[in-house]
Amino acid sequence: MLKSSISLMVHKRLLSSALYLTGDKAREQFAVLVPYLDFDHKLGDFERLKQNVRLRKHPLDCDNLQQQWQLYRDVERRKKDIEQCRIDLQKQIQQSTCKEEQKQLKARAVLARDDLKMLKEHSYKVADAFIANSFLTIPNDLHERTPENEQKCIYERPACERKSRENANRTALEQQLEQFSNNCLYMTGDAAWMDLRLPMKCSETFRKENFIVFSNPDFVRSFLVEAAMVSKESLFLVKEDAEPEDKVNLLHLCGGGTLLSFLGYFTKLAVFPSALPLRLIANGKQYEFNGPQSNEVHLFGASRTAKEAEEMFDSVILSYRQFYDQLPVGYRIVQVPACDLRPVEAMRVDIELFADRKQQYVKVGELVYYSDFISKRIAFIYQEGKTQRFPHLVAGTVMRSLDLIKLLLDNGVQFKDLSLHDAYEKQ
């Protein structure tokens, strides 16, 4: 349904990075921002980087990255040397009183200018290969609390004891959710009411915890998709009118209940330290190319330091528990191991609800600590004296209604079992 109602297409063209544009591409393309490239932190300790990549099972070739880093530094050093040589020649020309000597110095200055021009053209390819295709793919540093191999349960609430539903009644509930294809799904009855009111109840729970309700756009540009290290193939690409073939900063449909939809607001934003911490909550859609749309409640938090962000992370987990304690199902919160983290994540916990019929846990939400990794990529800063610093981010999906409703229906839970009327009336 979504494909036929909007002019959308899959991103098939092989394009350069929209997050980092070299000088030659910036002549034709508009560079939205220049991400902060922290070479010393990322590449100062290659053994630590290799361990990070190994624990994550990330496909980054560290040896090739090191060679590209050395080549990039050599080219940049050569550029500085030639630029300094031109400055020295200019001073000598001004100080010389001999016309013949001035002529020779000017000839050398012209050669230095031509050498610099040629080196700059070569450096664009080196920078594109190293920064855009290698350095910006380096994963986030792992947090010390992240397990290496196996998930760790940090909280568990047993399944609620209640009278089992009749199989016929359970089947009738499941029929209220009809899926005709990967992208087409209809809800009726209790499922439709849950889809309306569960996000309201969730938002209200976090509003009481002093979260600010936010409204986000459904569309983002390619540079934000790259900044969050999300695959462009997982999103719908919006076909724009008169779009040039070489355009790199394209338009994607993500939904207003996602991390991507928050990032556009904070890109190149400078805030006062007194504005932090930020605690925001948004209720909106989530669109995926290979699945039906879903209502999603997403939170976003920003703190000045890693310690403050960790404290926020732990306090938000308690807020998650407040919401899920209201549901008549068992659930647990698990710490995700390094091998299951996305490259952008430093630490993550998953919210898993117990499915009675399958006798297993199913993921319905998550909370992620990103450190200052994303802030550096989108130039989100705060000023501390004369120093610019990057906030540490905590964000996550509190609930994805489609996954949650499927589990509730599978457990035989009816709308009347959820006590959602208050949330509807307050909206």
Side-chain angles (χ1 to χ4, degrees), residues 11 15-22 25-26 29-38 41-42 131-132 135-140 212-232 234-238 240 247-282 284-287 296 298-304 309 342-346 368-384 387-397:
H11 188 186
L15 298 173
S16 300
S17 170
L19 181 61
Y20 177 81
L21 293 176
T22 53
K25 296 185 179 68
Q29 306 281 346
F30 175 69
V32 179
L33 61 83
V34 178
Y36 178 73
L37 305 175
D38 195 352
H41 174 73
K42 289 293 183 183
I131 297 177
F135 180 79
L136 290 176
T137 65
I138 296 176
N140 198 351
I212 299 173
V213 179
F214 231 61
S215 179
N216 293 326
D218 286 323
F219 301 91
V220 293
R221 289 288 177 182
S222 296
F223 77 94
L224 289 178
V225 179
E226 293 181 32
M229 301 184 81
V230 174
S231 171
K232 296 176 184 177
S234 67
L235 301 173
F236 288 99
L237 176 68
V238 180
E240 298 180 83
K247 185 176 181 180
V248 298
N249 202 15
L250 304 172
L251 189 63
H252 305 267
L253 176 65
C254 65
T258 62
L259 172 66
L260 291 175
S261 62
F262 271 109
L263 296 186
Y265 181 84
F266 293 96
T267 297
K268 296 177 68 176
L269 181 66
V271 299
F272 291 106
S274 58
L276 301 173
L278 290 171
R279 296 160 67 90
L280 312 175
I281 191 82
K285 295 290 186 181
Q286 181 199 42
Y287 299 98
E296 184 167 310
H298 204 95
L299 67 83
F300 182 93
S303 300
R304 288 177 296 180
R342 305 179 191 96
V344 73
E345 299 170 345
V368 183
Y369 172 56
Y370 294 100
S371 68
D372 58 358
F373 185 82
I374 291 181
S375 296
K376 290 177 178 178
R377 294 166 76 95
I378 65 173
F380 175 31
I381 65 171
Y382 70 93
Q383 202 81 18
E384 193 171 79
T387 305
Q388 291 183 347
R389 301 192 182 279
F390 299 92
H392 287 246
L393 305 184
V394 173
T397 301

Nearest atoms (heavy-atom pairs only) where [X] meets [Y]:
X: V220; Y: C254; answer: CG1-SG, 3.8 Å
X: H298; Y: A395; answer: NE2-CB, 4.1 Å
X: A227; Y: I378; answer: CB-CG2, 3.7 Å
X: A132; Y: T137; answer: O-CG2, 4.5 Å

Check whether any side-chain heavy atom of [X] lies under 4.5 Å from a side-chain heavy atom of [Y], and answer yes or no.
X: L237; Y: L251; value: no
X: R304; Y: Y382; value: yes
X: F300; Y: V394; value: no
X: L393; Y: F380; value: yes
X: V213; Y: I281; value: yes
X: K376; Y: P35; value: no

Measuring from atom [atom1] of [X] to atom [atom2] of [Y], what distance do you get when rounded to the nearest 0.5 angstrom?
X: H252; Y: S234; atom1: NE2; atom2: OG; value: 9.5 Å
X: S17; Y: N249; atom1: OG; atom2: CG; value: 9.5 Å
X: L224; Y: L259; atom1: CG; atom2: CG; value: 9.5 Å
X: F373; Y: E345; atom1: CZ; atom2: CD; value: 11.0 Å
X: L19; Y: M229; atom1: CG; atom2: CE; value: 10.0 Å
X: F214; Y: L280; atom1: CZ; atom2: CG; value: 5.0 Å

Under the salt bridge (charged side-chain N to carboxylate O under 4.0 Å, His left out) definition, can you give me all pairs with a residue in residues 212-221, not counting sequence neighbours? R221-E240
Could you go through the salt bridge (Lys or Arg N to Asp or Glu O under 4.0 Å) check for K232 and E226 one step at a time? CA-CA 8 Å; K232 296 176 184 177; E226 293 181 32; 2.9 Å; yes
Name every donor-acceptor pair, under 3.5 Å, that has one atom in a side chain of residues 260-277 and the other anywhere in the protein, sequence neighbours excluded.
| from | atom 1 | to | atom 2 | distance (Å) |
| --- | --- | --- | --- | --- |
| S261 | OG | N216 | ND2 | 3.4 |
| S261 | OG | G256 | O | 3.2 |
| S261 | OG | T258 | N | 3.4 |
| S261 | OG | T258 | O | 2.6 |
| T267 | OG1 | L263 | O | 2.8 |
| K268 | NZ | V32 | O | 3.2 |

State yes or no: are the ring centers of F390 and Y36 separated by less than 6.0 Å? yes
Chi angles and distances behind the side-chain contact (heavy atoms from CB on, under 4.5 Å) call for T397, Q286: CA-CA 10 Å; T397 301; Q286 181 199 42; 5.7 Å; no
Apply side chain to side chain donor-acceptor pair (under 3.5 Å) to Y369 and list each qualifying residue two or more places apart in sequence or on a separate chain. H392
Could you work out, with side chain to side chain donor-acceptor pair (under 3.5 Å) as the rule, every residue matching Q383, not counting sequence neighbours? none
In sequence, state the C-alpha distance, the side-chain angles, and the governing distance for L37 and Y20, and then conclude on side-chain contact (heavy atoms from CB on, under 4.5 Å). CA-CA 10 Å; L37 305 175; Y20 177 81; 4.1 Å; yes
Between D38 and K42, is the closest basic N to carboxylate O distance under 4.0 Å? no
Under the salt bridge (Lys or Arg N to Asp or Glu O under 4.0 Å) test, residues paired with E296 that sit two or more places apart: none
For K285, check side-chain contact (heavy atoms from CB on, under 4.5 Å) against everything at least two apart and list the hits. Y287, Q293, N295
